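Remember, predicted model here, so these are calculated numbers, not experimental data. This chain uses plain numbering: 1 for the first residue, then up along the sequence.
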Amino acid sequence: MKRIRQGRWSIACVCLVLGFMLAVQLRTTQDMKSSVSYQRIEEISDRLLTTEQERDSLKEELESLRRQNAAQAEGDISEDIRLRAGLTPVEGEGIVVKLEDSNSPTKAGENPNLYLIHDDDLLKVINELKAAGAEAISINGQRLIGMSEIRCAGPTLSVNNVRSAPPYEIHAIGDSKNLENAIKMRGGVAETLKVWGIQLEVSVSKDVYVPAYKGAVHPVFAKETEERKEAEDK
């Protein structure tokens, strides 16, 4: 009996030791898993933080590039608008047309004004040049734009409300051959003016200069609006 009791106690002790060892091992395993999981979380968090920082940096760079592109585009558009509006001086291939009053003696009973250059004479020349594709035109240094006027002012002509007397020198930039042909074509403006002795000379140049428009271009009554459908239907 004594041996049996001793054996039972031995078994109990062994079981107790084994149980303790199992508990310690389980705890150690859980601690190791917790440690590994925590390290993994920290690693992912660091990567996420780095990614967010890179994203924010790229967003700032993208916004900066967008602002630069917008500013550049706006500058390009503004410069193109100024060029098309005639607000910048330009030069290029074209022709120079020089007109002077007639030197022919006036016949008895004829109106002497027929031998002088009038606003409609200049307008005929300008219209032919525009129809031939002139990109920029000036008369005696006055740039013509959409708001320009050419009208008689006594013995002189007024262009952009600036008076000038003959000779009138018209500078036109464009295809020089087309511009010259438009003025000299048979039955055209040159032949019509020649009937009254009006002197007209055309010279071709690769370096025609046209100054910028110097008047006011700020509209007072016209305001920007949307396209009307009625206009499109027509």
Side-chain angles (χ1 to χ4, degrees), residues 80-215 217 231-232 234:
D80 184 62
I81 291 174
R82 289 178 58 82
L83 177 65
R84 291 175 182 271
L87 303 180
T88 58
V90 291
E91 61 182 0
E93 176 187 346
I95 65 172
V96 176
V97 182
K98 186 176 180 180
L99 296 99
E100 291 194 59
D101 291 335
S102 174
N103 291 328
S104 303
T106 305
K107 296 179 182 179
E110 283 188 332
N111 186 351
N113 288 325
L114 296 176
Y115 296 87
L116 303 179
I117 298 172
H118 297 279
D119 51 357
D120 59 336
D121 298 322
L122 287 183
L123 285 171
K124 289 175 182 177
V125 175
I126 297 303
N127 287 337
E128 291 296 342
L129 293 173
K130 287 183 177 180
E135 298 176 355
I137 303 174
S138 67
I139 302 175
N140 284 7
Q142 289 297 316
R143 178 72 171 270
L144 298 184
I145 64 170
M147 300 173 62
S148 296
E149 94 293 336
I150 302 174
R151 58 190 176 84
C152 283
T156 63
L157 292 180
S158 172
V159 181
N160 295 335
N161 286 321
V162 176
R163 292 187 179 189
S164 60
Y168 299 107
E169 198 167 273
I170 301 174
H171 289 210
I173 295 177
D175 187 306
S176 57
K177 189 174 183 62
N178 289 343
L179 297 178
E180 183 179 19
N181 290 338
I183 300 300
K184 292 183 175 181
M185 65 179 176
R186 179 173 297 181
V189 62
E191 286 192 2
T192 302
L193 294 176
K194 187 177 180 181
V195 172
W196 304 105
I198 303 297
Q199 304 173 66
L200 186 150
E201 297 178 3
V202 178
S203 57
V204 176
S205 174
K206 293 291 185 181
D207 189 25
V208 177
Y209 174 79
V210 176
Y213 177 75
K214 300 178 178 63
V217 292
E232 295 178 356
K234 293 178 182 179

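- Once rounded to the nearest 0.5 Å, the distance linking CD of E169 with CD of E100 reads 10.0 Å.
- Note that the CD1 atom of I173 and the OG atom of S138 stand 8.0 Å from one another [nearest 0.5 Å].
- The side-chain contact (heavy atoms from CB on, under 4.5 Å) check on Q142 picks up V159, N160, V162, with sequence neighbours excluded.
- Remark: the backbone N or O of D101 is paired with a side-chain donor or acceptor of Q199 at under 3.5 angstrom.
- Using a 4.5 Å heavy-atom threshold, the side chains of I137 and V210 count as separate.
- K184 pairs by the salt bridge (Lys or Arg N to Asp or Glu O under 4.0 Å) definition with E180, not counting sequence neighbours.
- Partner of R151 under the side chain to side chain donor-acceptor pair (under 3.5 Å) criterion, out of D120, D119, N161: N161 alone.
- Qualifying side-chain contact (heavy atoms from CB on, under 4.5 Å) partners for K214, counting only residues two or more places apart in sequence or in other chains: P211.
- Rounding to the nearest 0.5 Å places OH of Y168 at 10.5 Å from CD1 of I150.
- Rounding to the nearest 0.5 angstrom, the gap separating the CD1 atom in I95 from the CG atom in D175 is 10.5 Å.
- Taking the side-chain contact (heavy atoms from CB on, under 4.5 Å) definition, one finds that A153 meets it with T156, S158, R163, sequence neighbours left out.
- Of the candidates V96, L99, N140, L99 is the only one forming a side-chain contact (heavy atoms from CB on, under 4.5 Å) with I170.
- Here the closest heavy-atom approach between residue A136 and residue V90 is recorded as CB-CG2, 3.7 Å.
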Show me the donor-acceptor pairs within less than 3.5 Å that the side chains of residues 121-134 make with the rest of the protein, sequence neighbours left out.
| from | atom 1 | to | atom 2 | distance (Å) |
| --- | --- | --- | --- | --- |
| D121 | OD2 | H118 | N | 2.8 |
| N127 | ND2 | L123 | O | 3.2 |

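- Here the NE2-NZ distance, from H171 to K98, works out to 10.0 Å after rounding to the nearest 0.5 Å.
- Under the 4.5 Å side-chain criterion, counting only non-hydrogen atoms from C-beta, C152 is in contact with L157.
- In this structure, Y213 and S148 have side chains that are in contact, with non-hydrogen atoms separated by less than 4.5 Å.
- For R84, the salt bridge (Lys or Arg N to Asp or Glu O under 4.0 Å) partners are D80, not counting sequence neighbours.
- Remark: E201 CD is loosely packed, at most 12 non-hydrogen atoms of other residues, nucleotides or ligands lying under 6.0 Å away.
- Closest approach of Y209 and P89 over heavy atoms only: OH-CB, 3.6 Å.
- No side-chain heavy atom of K194 sits less than 4.5 Å from a side-chain heavy atom of L200.
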